[in-house]
Amino acid sequence: MAVASRITDIALAYQLLHLLDLRKYFICVEIYPTRKTLHFTQIQKKTGLPFRDMVFYDDDVRNLKCIDKLGVRVIQVVDGINGKVIQY
């Protein structure tokens with residue numbers, strides 16, 4: 001799994017990952033205010049995983065549309081991520 005976030009408070013995002021002990025679950029962490037396509041390009045470069053083998057969950061339709069153009073499978077999440085959403 002990887003993190004792709006446009007949050008402007010980068011330090012807070014990393015602090016939350018650390019405090020919630022979540023960092024260990026992610027092979028890539030791309031947290032900085034920029035386009036989602038740049039996040040995914042960096043994830044692809046670092047992992048070597050083709051876009052077609054990636055899945056992106058987000059609640060923002062704008063993000064989903066731009067990442068879909070890369071060939072990533074996109075899934076809109078409205079009420080958070082749960083087992084049902086992941087199995088989709």
Side-chain angles (χ1 to χ4, degrees):
M1 289 192 303
V3 173
S5 177
R6 295 189 303 191
I7 193 168
T8 55
D9 194 338
I10 298 167
L12 176 62
Y14 277 98
Q15 185 178 20
L16 285 172
L17 286 175
H18 175 74
L19 289 173
L20 298 173
D21 198 27
L22 296 174
R23 178 59 183 96
K24 64 187 174 192
Y25 297 109
F26 301 103
I27 59 171
C28 250
V29 177
E30 299 295 321
I31 300 175
Y32 40 87
T34 191
R35 300 175 321 275
K36 285 288 186 186
T37 53
L38 180 57
H39 289 133
F40 274 80
T41 299
Q42 291 303 313
I43 291 168
Q44 196 281 323
K45 285 180 184 176
K46 291 178 180 179
T47 64
L49 190 66
F51 291 130
R52 70 179 177 277
D53 292 340
M54 295 182 187
V55 179
F56 177 50
Y57 299 90
D58 202 323
D59 62 339
D60 189 331
V61 175
R62 295 170 299 173
N63 291 334
L64 296 171
K65 286 181 181 179
C66 73
I67 296 305
D68 182 58
K69 290 177 184 176
L70 295 175
V72 174
R73 181 174 178 202
V74 297
I75 299 172
Q76 186 175 17
V77 178
V78 179
D79 296 321
I81 295 178
N82 56 44
K84 184 178 178 183
V85 171
I86 292 173
Q87 289 178 359
Y88 177 75

Trainee: Please report the shortest heavy-atom distance between Phe40 and Phe56, naming the atom on each side.
Mentor: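 Scanning both residues, the minimum pair turns out to be CZ-CD1, 3.3 Å.
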
Trainee: How long is the span from the CG atom in Asn63 to the OG1 atom in Thr37, to the nearest 0.5 Å?
Mentor: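 Here the interatomic distance stands at 10.0 Å.
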
Trainee: Does Asp60 reach the side chain of Arg6, with side-chain heavy atoms less than 4.5 Å apart?
Mentor: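 Touching, per the 4.5 Å side-chain cut-off.
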
Trainee: List, by chain and then residue number, the residues other than Ile10 in its hydrophobic cluster (Ile/Leu/Val/Met/Phe/Trp/Tyr, side-chain heavy atoms under 4.5 Å); write none if there are no others.
Mentor: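 The other cluster members (ILVMFWY side chains, heavy atoms under 4.5 Å, direct or chained) are Met1, Val3, Ile7, Tyr14, Leu17, Leu20, Leu22, Tyr25, Phe26, Val29, Ile31, Tyr32, Leu38.
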
Trainee: What's the shortest heavy-atom distance between Val72 and Met54, and which atoms?
Mentor: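 Reported closest heavy-atom pair: CG1-O, 3.6 Å.
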
Trainee: Would you say NZ of Lys69 has more than 12 non-hydrogen atoms from neighbouring residues, nucleotides or ligands within 6.0 angstrom?
Mentor: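 No.
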
Trainee: Using modelled atom types and a 3.5 Å cut-off, is there a donor and acceptor pairing between side-chain atoms of Lys36 and backbone atoms of Ile67?
Mentor: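 Absent.
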
Trainee: Between His39 and Ser5, is there a donor-acceptor pair closer than 3.5 Å when you use the side chain of the first and the backbone of the second?
Mentor: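 Yes, because the side chain of His39 sits within donor-acceptor range (under 3.5 Å) of the backbone of Ser5.
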
Trainee: Give me the atom names and distance for the closest heavy-atom approach of Asp59 to Gln76.
Mentor: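 Scanning both residues, the minimum pair turns out to be O-NE2, 3.5 Å.
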
Trainee: What verdict does the side-chain contact (heavy atoms from CB on, under 4.5 Å) test give for Ile43 and Thr47, after you've listed the backbone C-alpha separation in whole Å, the side-chain angles of each residue and the deciding distance to 0.1 Å?
Mentor: CA-CA 6 Å; Ile43 291 168; Thr47 64; 4.3 Å; yes

